[in-house]
Amino acid sequence: MSDDAATTDESVAPEESNEAVPELHGCLVGSSLGQTVVFPSREQYVDLVKALADDGYLMCVDLAGVDYLEFMDRPLPASVDAQRFEVAVNLLDTVGCRRIRLRVQVPESDAVLPSLFDLHPGTEAMEREAFDMFGIEFSDHPDLTRILMPEDWVGHPLRKDYDVGRIPVQFKEANS
Amino acid sequence: MSADTENTTDYQRFVAATDEGGQQLRPRSELTATEVLREVGAVLRMSEAEVAKLGDLPDDPDEDQTMIINMGPQHPSTHGVLRLMLELQGETVLRCKPIIGYLHTGMEKTGEQLTFAQGGTNVTRMDYLSPLANELVFSMATEKLLGIDGEIPDRAVWIRMLLAELNRMSSHLLFMATNGMDLGAVSMMIYGWREREEVLRFFQEVTGLRMNHNYIRPGGLAADLPAGWRDGVMRILDLLPDRLDEYDILMTGQPIWRQRLQGVGVITPNEAMALGATGPILRSTGVEWDLRRGEPYLHYDKMDFDVIVGSYGDAFDRYAIRLAEIRESMKIVRQILEQLPSGNYRIQDKKVTPPPRARIDESMEALIHHFKIFTEGFKVPEGEVYLGIESPRGEIGCYIASDGSANPYRMHMRDPSFVNIQCLPHMMRGGLVADAVAVISSVDPVLGGVDR
Amino acid sequence: MGLVSKGRLPAPLTKLFNMSRSYSLWVYQWGLACCAIEMGAAFGSPRYDVMRLGVIPLPASPRQADFVCVSGTVTDKMAPAVKRLWEQMPEPKYAISMGSCANCGGPYWDSYSVTKGVDQIIPIDVYVPGCPPRPEALLEGIVLLQQRIKNEDMAAKWRGEEFTTLQRTRALEEAANRGAQDDASKPIVVGGGPIE
């Protein structure tokens, strides 16, 4: 197992040691356990997805938010500023059978990210889910409302500072 | 990047040289949702509170000829607790909005509190018609993080494949039942349940449970196949071909069935790709994309099977694809029966695998080891990984971020139903409200997976 | 039915009514989660065949149902709908809670969005444990419900009282005849009465 752990560490952040930092459309490229990961900034994000769409990544398979409140010292390339929120977008090229993952850092103070709706309409529900669960807003999204929780729910449940459970039931009409 | 600009100019030169289909040949990045989707206005983007205010009729009857009706969340044909807001003009569906979340149990948050060893019980309850696919993708992602994905014993890998294929059969058989029920073929409902019970009988022999097995675990399987399992599989394989032929007679060739489904809920390949739809929905449009073929996992690269594709993208294609996939799965199961090797059913890695039961009785160390694994779990190195496999409904993916502890820091499941359900408004647009049931049924959403 | 509305009903007549009611139960299926599949297996599949118990799983709306099988996780978002559907059902009505989630929250006890037991919202007659319960377990739950209905004092129900068994009513009457008030306040039977 010790070998495996060593290889894992290398593969998470291979950029730290070598001098020529690999780039893709101007964004930092790394790899995690053999999977290609790109670290665009918020400004590069939409342009990168557009450029990747022209490269053949026609499907946006998944978009998930992550709250790194308790894990701010996670392994990231040196030039990437670790922020509280992260949005991981998985793109798929069905012709070349390739996958690529984007990890975008979203600061807590200004948790806004441009929406991918215009390019990949399928991200509509996923972005709504990220908004619902983490409070990350997506600008230019056509219908940014809660998707899983009731519309009048308070808080964003998947945030790390939101209690797991054992909270009073919010349904007020019980036993009326 | 220079390579990219060359590509773009190639594209533009190519487009300039041809004078047809200019819109299609534009780079994908320049196409907007309005152009990719035939009907971007198919989704009713209104909040529930807004809709509730629309109850008053307009003074002038000519003013507003549409009405918004509510379907669900407890409707017999919405497969659970899916709710649809449909905007109707007469009998025609104009816009619709799927409202989900009625089964949101917070499993992704629960998953963060459970160790990797316990995670299987959690994820198996997500897409409850294909529990083994959920367990499989979670286990594979965990193994990838542990770095032991190449060391899983061969027998475990083959058994995983066997169970995944049988699960695909049971899930599609249930689709046959519900699809038949939704369209008025009540006898089909009874037949579908009957055949599914046969598969469940085998699952029960192997895992002890009919559903929510928690049988595939990180590192291998919970137990080896029981004695006499081969007879159980052979019984299914002997029984099903005749029954599937009966389905063909009952439904596939039958004019009523065809008229109910053909041309209903049509979706184009471009739309399906843009919406992220996978599985039978994407394949019904003619896109040959099956992860078992495209990105072979387990031993699917050694299997001989066909990827079934449709041509029209309508509800009938989706039905026929699922029926044919049962046959393909049977083909795969037959090959697995021939090739299943003997050996260990779980990895012999002290870190992940508890000691065998017999050793606990004689060794104190084994008892401590067993206790530690089941109370504290095993630590998983830092990192993040996404893995996708082909569940009966499409690509089910698992994104795990680990912070080096025994619990996943973040576990996200990409459920096929959650994404596929977005196709509903586009499929229903312009159709009759009576066909809405057929469309929902043909998408085959599982609400446990949609809401998680 | 004049006797019934007066709150008095001869015991043989009650038994006849109860027997008829318990063997023509129309069940409304509230399939909410995984348990819905096992409920479907119990109600829809030929192997378990619920109709042999005199239960008809086909009402088109809660208005036509005698009892409801709440199977699966009730979330806070779903709870208002569950309550509303329950209110739409005509009296006399019964409810079976199927599965750990509906009983008490089950594996989602810690979850932020799950109602910890459907009995917070509607009164439950029979709880079927399991995650999910096997179809046989649900069938046993239905048999228990039928026994509960057979032993029910309809007159008490008509008067709007809580669930009372025939045995308890008889014991109350006997105690009243003897003039012993203390005995009468003791519960005679816990739950749905003795299993015949």
Side-chain angles (χ1 to χ4, degrees), chain A residues 1 3-5 7-9 11-12 23-26 32-33 35 37 49-51 53-55 58-62 64 66-68 70-71 74-75 88 90 92 94 97 99 101 103 117-126 129 133 142-143 145-151 157-158 162 164-165, chain B residues 1 4 7-8 11 27-34 36-37 40 43 45-49 100-101 104 106 108-110 112-113 144-148 273-278 287 289 294-295 349 351 381-386 388 395 397 399 401 403 409-410 412 414 418-419 421-422 451-452:
Chain A
M1 284 310 295
D3 314 347
D4 295 324
T7 49
T8 310
D9 285 342
S11 52
V12 168
E23 282 196 351
L24 182 68
H25 301 294
S32 165
L33 304 168
Q35 301 178 336
V37 185
V49 179
K50 279 187 177 169
D54 287 344
D55 289 355
L58 289 181
M59 265 174 89
C60 179
V61 169
D62 188 24
V66 189
D67 178 5
Y68 278 111
E70 295 161 1
F71 189 33
R74 59 191 181 275
N90 282 285
L92 172 68
T94 50
C97 301
R99 280 175 193 273
R101 180 159 67 249
R103 289 174 67 181
F117 174 79
D118 224 23
L119 189 63
H120 295 297
T123 54
E124 183 187 350
M126 308 172 198
E129 189 195 356
M133 294 289 130
D143 183 23
T145 47
R146 286 188 181 272
I147 185 166
L148 294 177
M149 306 306 293
E151 280 182 355
L158 276 184
Y162 193 91
V164 185
Chain B
M1 300 283 286
D4 177 48
N7 274 345
T8 322
Y11 245 134
R28 177 66 178 82
S29 61
E30 290 173 20
L31 295 176
T32 58
T34 333
V36 181
L37 292 180
V40 79
V43 187
R45 292 196 172 85
M46 257 186 200
S47 76
E48 292 162 57
I100 60 176
H104 178 61
E108 291 183 0
K109 186 98 173 170
T110 315
E112 292 169 9
Q113 318 303 320
K144 185 119 184 152
L145 278 171
L146 282 165
I148 57 170
M273 298 268 280
L275 289 168
T278 46
V287 180
W289 179 247
E295 296 177 341
D349 183 333
K351 196 181 163 197
E382 288 177 2
E384 39 105 47
V385 74
Y386 175 88
E395 173 176 340
Y399 178 72
D403 61 348
Y409 185 79
R410 165 97 166 101
H412 170 76
R414 184 262 187 214
F418 178 69
V419 185
I421 219 168
Q422 296 183 77
D451 297 339
R452 297 183 300 282

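Chain identifiers are assigned alphabetically (A, B, ...) following the order of the sequence lines, protein sequences preceding nucleic acid strands; residue numbering begins at 1 within each chain. For the numbers below, each heavy atom of this structure counts, side chains included, while hydrogens, waters and symmetry mates do not. Values in this document were obtained by computation on a predicted structure and should not be read as measured data.
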From CA spacing to verdict: side chain to side chain contact (heavy atoms under 4.5 Å, CB included), B/R414, A/N90: CA-CA 10 Å; B/R414 184 262 187 214; A/N90 282 285; over 6 Å; no
Out of curiosity, [X] [atom1] to [Y] [atom2], how far, rounded to the nearest 0.5 Å?
| X | Y | atom1 | atom2 | result |
| --- | --- | --- | --- | --- |
| A/T94 | B/M273 | OG1 | CE | 3.5 Å |
| A/F71 | B/R410 | CZ | CZ | 14.5 Å |
| A/L92 | B/E395 | CG | CD | 6.0 Å |
| B/R452 | A/M133 | CZ | CE | 8.5 Å |
| B/K144 | A/L33 | NZ | CG | 6.5 Å |

For A/F117, what residues pass the ring pair (Phe, Tyr, Trp, His ring centres under 6.0 Å) criterion, not counting sequence neighbours? none
salt_bridge(A/R99, B/E295) N-O dist < 4.0 Å: yes
Taking the side chain as C-beta and beyond, is there a heavy-atom pair between A/P157 and B/K109 under 4.5 Å? no
Structural part of [X] lying under 4.5 Å from a heavy atom of chain B:
| X | result |
| --- | --- |
| A/R74 | neither |
| A/V37 | side chain |
| A/E70 | both |
| A/P142 | both |
| A/M59 | both |

For the residue pair [X] and [Y], what are the closest heavy atoms and their distance?
| X | Y | answer |
| --- | --- | --- |
| A/M126 | B/V419 | CE-CG2, 3.8 Å |
| A/Y68 | B/A401 | OH-CB, 3.5 Å |
| A/P75 | B/E382 | CD-OE1, 3.4 Å |
| B/Y409 | A/D67 | OH-O, 2.8 Å |

Chi angles and distances behind the side chain to side chain contact (heavy atoms under 4.5 Å, CB included) call for A/V66, B/E384: CA-CA 11 Å; A/V66 189; B/E384 39 105 47; over 6 Å; no
Contact part of B/E108 toward chain A, heavy-atom cut-off under 4.5 Å: side chain, backbone, both or neither? both
Select one option (side chain, backbone, both, neither) describing which atoms of B/Y399 are under 4.5 Å from chain A's heavy atoms. side chain
Option that, when pairs with chain B are counted at under 4.5 Å, heavy atom only, ranks first among [options]:
| options | answer |
| --- | --- |
| A/V49, A/T123, A/L58, A/I147 | A/I147 |
| A/K50, A/M149, A/E151, A/H120 | A/E151 |
| A/A64, A/C97, A/P150, A/P121 | A/P121 |

Which residues pass the side chain to side chain donor-acceptor pair (under 3.5 Å) test with B/E112, not counting sequence neighbours? A/K160
Would you confirm whether A/Q35, through its side chain, and B/Y386, through its main-chain N or O, come within 3.5 Å as a donor-acceptor pair? yes
